[in-house]
Amino acid sequence: MRHNISALKKLSRNLWWSWDTEAKELFKELSPLLWERVNHNPVELLHHISNDELKARLDCEFGKKLNSVIERFENYLTEKETWAAKHAPLLAEKTVAYFSAEFGIHESVRIYSGGLGVLAGDHIKSASDLGLNLAGITLFYKEGYFRQCLNQQGWQTEDYPLQYPESLPLEKVTDSEGKDLVISLDIAQSEVFAQAWSLNVGRAKLYLLDTNIPVNEPHYRNICSRVYGGDQNMRINQEIVLGIGGVKLLRALGINPAVYHMNEGHSAFLTAELLVTELEKGKGLAEAKENVKEQCVFTTHTPVAAGHDRFSRDMIHYSFDKYLQKSGIALDDFMRLGSEDPSNLHGLFTMTVLAINLSRSANGVSKLHGRVSREMWQHIYAVESPEKVPIGHITNGVHTASWCSGFTDRFWRQYTDNLETFTASPDTAAEVLAKVTDEELWYLRYRLKRNLVDFIYRYLSNQLFHQHVYAAHMEADSSKSTKNPLSPDVLTIGFARRFATYKRAPLIFSDIERLTRIMNHPTMPVQIIFAGKAHPHDDAGKHYIQQIVEHARLPQFKGKIIFLENYDLGVAKRMISGVDVWLNNPIRPMEASGTSGQKTALHGGLNFSIPDGWWPEAYNGGNGWSIGKGEQFENHQDQDRHDAEQLYDILENQIIPTFYDRNADNIPVKWLKKVRNAVTSIGPVYNTHRMVKDYTLQYYLKD
Ligand SMILES: *Cc1c(COP(=O)(O)O)cnc(C)c1O
């Protein structure tokens, strides 16, 4: 049985477990309470359970379950007949180096802030499933992104609990002699060192650079403390470690990638290190540039100006002086690579421009975002019209298995082998759905919503421990002890994402009286669940959170509008699986893609969204609702008024009546027709398997 203890430990150290329903349940079964307390972190869970206890458990039924999971895990790791082996054999061998400042793989590994990280996490998982040889590169953030608490005034406060490598499935990267592998970097006039950790994500590896080591001067140790933490100076230092450090790390590991993929401009300094390598081979600058371009592809992720890092010439000079001196690159030449206007080398250095200039391809993340990006960056390309700008698009997706709750996964597996065959194409999904009766489908919806409602009750009870925002909800029924404020019978709308202002979280409160009438309808009520973090520097976003909390406290909304603190991957999974309607109302066309709505599809949730990002591509008239037709107004007030009006109209005249229109068995037949349409039209298309295949065939493989 010792063998099985080590197998269990090995399983806990590969995040593959996080997208396998039976593996997840194994850890939970060991101790459901502890499992919650350690935030679903199996490495920490196993620290709390003695080998004696494990031995006892392994002798029973649990041992059999473990064996079957381990068998599947081992088969997964050694599978040779993968999609990549067949369609991209080069990349089943040579490495795709995928750089991202954040990776959202699982809530227990807090190295992400929002959608960009979640996308990177889903990308690496699909790459693993498909058999691509992909190595992710990022930073190890000891403090992660912040934990959100709301104070009595509904104002967001942040704290930064530490995460320790010992409690995570991280392995120290060592050199051939078994010593810690340390790379050296030039930042300003200093030498800065970084060690590296590695994390197993199925067959793929994620490397995390870490400057928190004693040899560094104290102010360089904390470069990687927080995801997007600190000021501009911290930001440029992080990006040097990520980009330049990442290339040096790969070289030290003997990895010679077939392609470097920059997931957003944060990592674009990697091109500088590749350029230096070319110059060292004796190439001239022009040829060196061409050679670097041949190796790199770039994905841009936002039309929001603040989402593009820009550094002053002074900062570039300060941080890169020694580096450029050593490599013989003139500051002007370097500035030219990142300047929007090459005739003015004293302006800003833009990471997106650097990435574009030194990549063989660039792409946006939805069809609409591709178009917006071509307009946005036309001036870089000296072409006369946006259509001529060579920026393409690959629409984002989500990693299906990660985003399916265990309950949903099991549900579909009653009718099909597994999720992959289910979502192979809209036709295969439709065939499976044809076997599912309306009663069964409605049962799925009901159970998922019941799970969410129960989860929220527990979550709010915990929230009560440290603040009093929700005392009101619970106290309403204090005479009969605390009662769950929410009901699984009520139409439930979810809204959760980063509280960037362009996402307009409070839009639904534009007309309080109308919303009051809608939500308190005697026979067709509505409840809404919100969650999301504002960036610590974003006071406007924090005001939005506060507004929502204040509204939630109004007597007419008490117990009907809930704000869940500390949105993360765990909360996201609960919300997207349970809600009936997923609301998204950004200012068009600011949402490059958005992915949260894609996560709801296989659970039978319906999207209700501004036609922005991925939604105009996916919306077919019957698989959800579109808020307006993309009408755009000059000023924000007109835009908000128009969009809010549309939102209310559709809610009142379409969504609510359809949901509450029941047959003799209390089943909403027309609603379920839409659910079926959403499952078949969204699940098989807006997933990262399709997305990673697209990247591979369109961008990773050179033609
Ligand atoms: C999916 C996800 C996001 C992205 O949400 P969008 O609505 O696409 O912006 C952000 N944060 C978390 C935790 C997520 O799971």
Side-chain angles (χ1 to χ4, degrees), residues 18-19 39-40 100-123 125 144-148 227-228 263-264 301-304 307 365-366 368-369 395-405 493-505 507 529-535 538 541 544-545 564-579 581-603 605 607-610 612-615 617-618 624 627 682 686-688 691:
S18 72
W19 69 94
N39 198 21
H40 316 137
S100 179
E102 46 170 322
F103 277 84
I105 300 170
H106 184 259
E107 59 265 27
S108 62
V109 188
R110 297 181 290 109
I111 53 170
Y112 65 94
S113 116
L116 181 72
V118 177
L119 181 82
D122 283 0
H123 189 113
K125 291 171 187 170
Y145 199 51
F146 66 91
R147 180 170 65 190
Q148 177 194 53
V227 185
Y228 306 134
N263 186 46
E264 190 53 301
H301 282 273
T302 181
V304 179
V365 289
S366 69
L368 176 60
H369 178 235
T395 305
N396 285 344
V398 295
H399 185 251
T400 306
S402 295
W403 288 103
C404 260
S405 72
I493 299 176
F495 181 105
R497 44 186 57 81
R498 289 183 303 115
F499 266 56
T501 43
Y502 78 86
K503 293 178 186 256
R504 294 191 296 190
L507 188 73
I529 302 154
F530 286 93
K533 293 174 173 177
H535 187 277
D538 180 11
Y544 276 8
I545 292 174
L564 296 177
E565 286 177 330
N566 203 35
Y567 185 52
D568 70 354
L569 284 167
V571 174
K573 274 176 232 167
R574 302 291 191 152
M575 285 183 69
I576 57 99
S577 63
V579 298
V581 172
W582 191 253
L583 175 64
N584 188 21
N585 44 233
I587 300 172
R588 192 178 193 263
M590 304 300 253
E591 188 75 273
S593 168
T595 54
S596 57
Q598 301 169 350
K599 300 167 188 166
T600 64
L602 287 194
H603 302 92
N607 278 275
F608 178 30
S609 172
I610 295 279
D612 197 9
W614 71 288
W615 189 232
E617 279 164 68
I627 305 173
I682 295 171
Y686 297 93
N687 62 66
T688 41
M691 183 188 87

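Computed from a predicted model, the values in this text were never measured in an experiment. Note: hydrogens, waters and symmetry copies are ignored here, and every other heavy atom, side chains too, is used. Just follow the structure's listing: the first ligand is 1, and inside any ligand the first atom is 1.
Within ligand 1, counting atoms from 1 as listed, the ones closer than 4.0 Å to a heavy atom of Gly594 are 8 (O). The Asp568 neighbourhood of ligand 1 comprises atoms 13 (C), with distances under 4.0 Å to a heavy atom of that residue. The contact set between ligand 1 and Gly115, taken as ligand atoms under 4.0 Å from a residue heavy atom, comprises 3 (C), 4 (C), 10 (C). Taking every non-hydrogen atom of Trp403 and a distance limit under 4.0 Å, the qualifying atoms of ligand 1 come out as 15 (O). Residue Lys599 approaches ligand 1 through these ligand atoms, each under 4.0 Å from one of its heavy atoms: 1 (C), 2 (C), 3 (C), 14 (C), 15 (O). Remark: ligand 1 atoms within the under-4.0 Å shell around heavy atoms of Ala572 are 15 (O). Residue-ligand proximity, Leu569 to ligand 1, at heavy-atom distances under 4.0 Å covers atoms 13 (C), 15 (O).
The nearest heavy-atom contact from the protein to atom 11 (N) of ligand 1 is Tyr567 CE2, 3.5 Å. For atom 5 (O) of ligand 1, the closest heavy atom belonging to the protein is Ser596 CB, 3.5 Å. For atom 9 (O) of ligand 1, the closest non-hydrogen atom on the protein side is Lys503 NZ, 2.7 Å.
Side-chain rings of Trp582 and Phe608 stay apart, their centers remaining 6.0 Å or farther from each other. Ring to ring, Phe495 and Phe530 are close: their centroids are under 6.0 angstrom apart.
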Practice problem: Apply the test salt bridge (Lys or Arg N to Asp or Glu O under 4.0 Å) to residues Arg147 and Glu565: give CA-CA distance (whole Å), side-chain angles for both, the deciding distance (0.1 Å), then the verdict. | Solution: CA-CA 9 Å; Arg147 180 170 65 190; Glu565 286 177 330; over 6 Å; no
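For ligand 1, the polar-atom distance check finds an N/O of Thr595 within less than 3.5 Å of one of the ligand's N/O atoms. At least one N or O atom of Arg497 sits closer than 3.5 Å to an N or O atom of ligand 1. Of the N or O atoms in Ser113, none lie within a sub-3.5 Å distance of an N or O in ligand 1.
Counting heavy atoms from C-beta on, the side chains of His603 and Ser405 come closer than 4.5 Å. Proximity of Tyr112 to Tyr145: side-chain heavy atoms (C-beta onward) are nowhere separated by under 4.5 Å.
Note that Lys533 lies in the cation-pi zone of Phe146, set by a 6.0 Å cut-off to the ring centre and a 45° limit from the axis.
Remark: the Ser100 side chain and the Asn263 side chain contain an N/O donor-acceptor pair separated by less than 3.5 Å.
Within the 3.5 Å criterion, the main-chain N or O of Gly597 finds a donor-acceptor partner in the side chain of Asn607.
Partner of Trp403 under the side chain to side chain donor-acceptor pair (under 3.5 Å) criterion, chosen from Asn687, Asp122, Thr688, Thr600: Asp122.
The closest approach between a heavy atom of Gln598 and any atom of ligand 1 is not below 4.0 Å.
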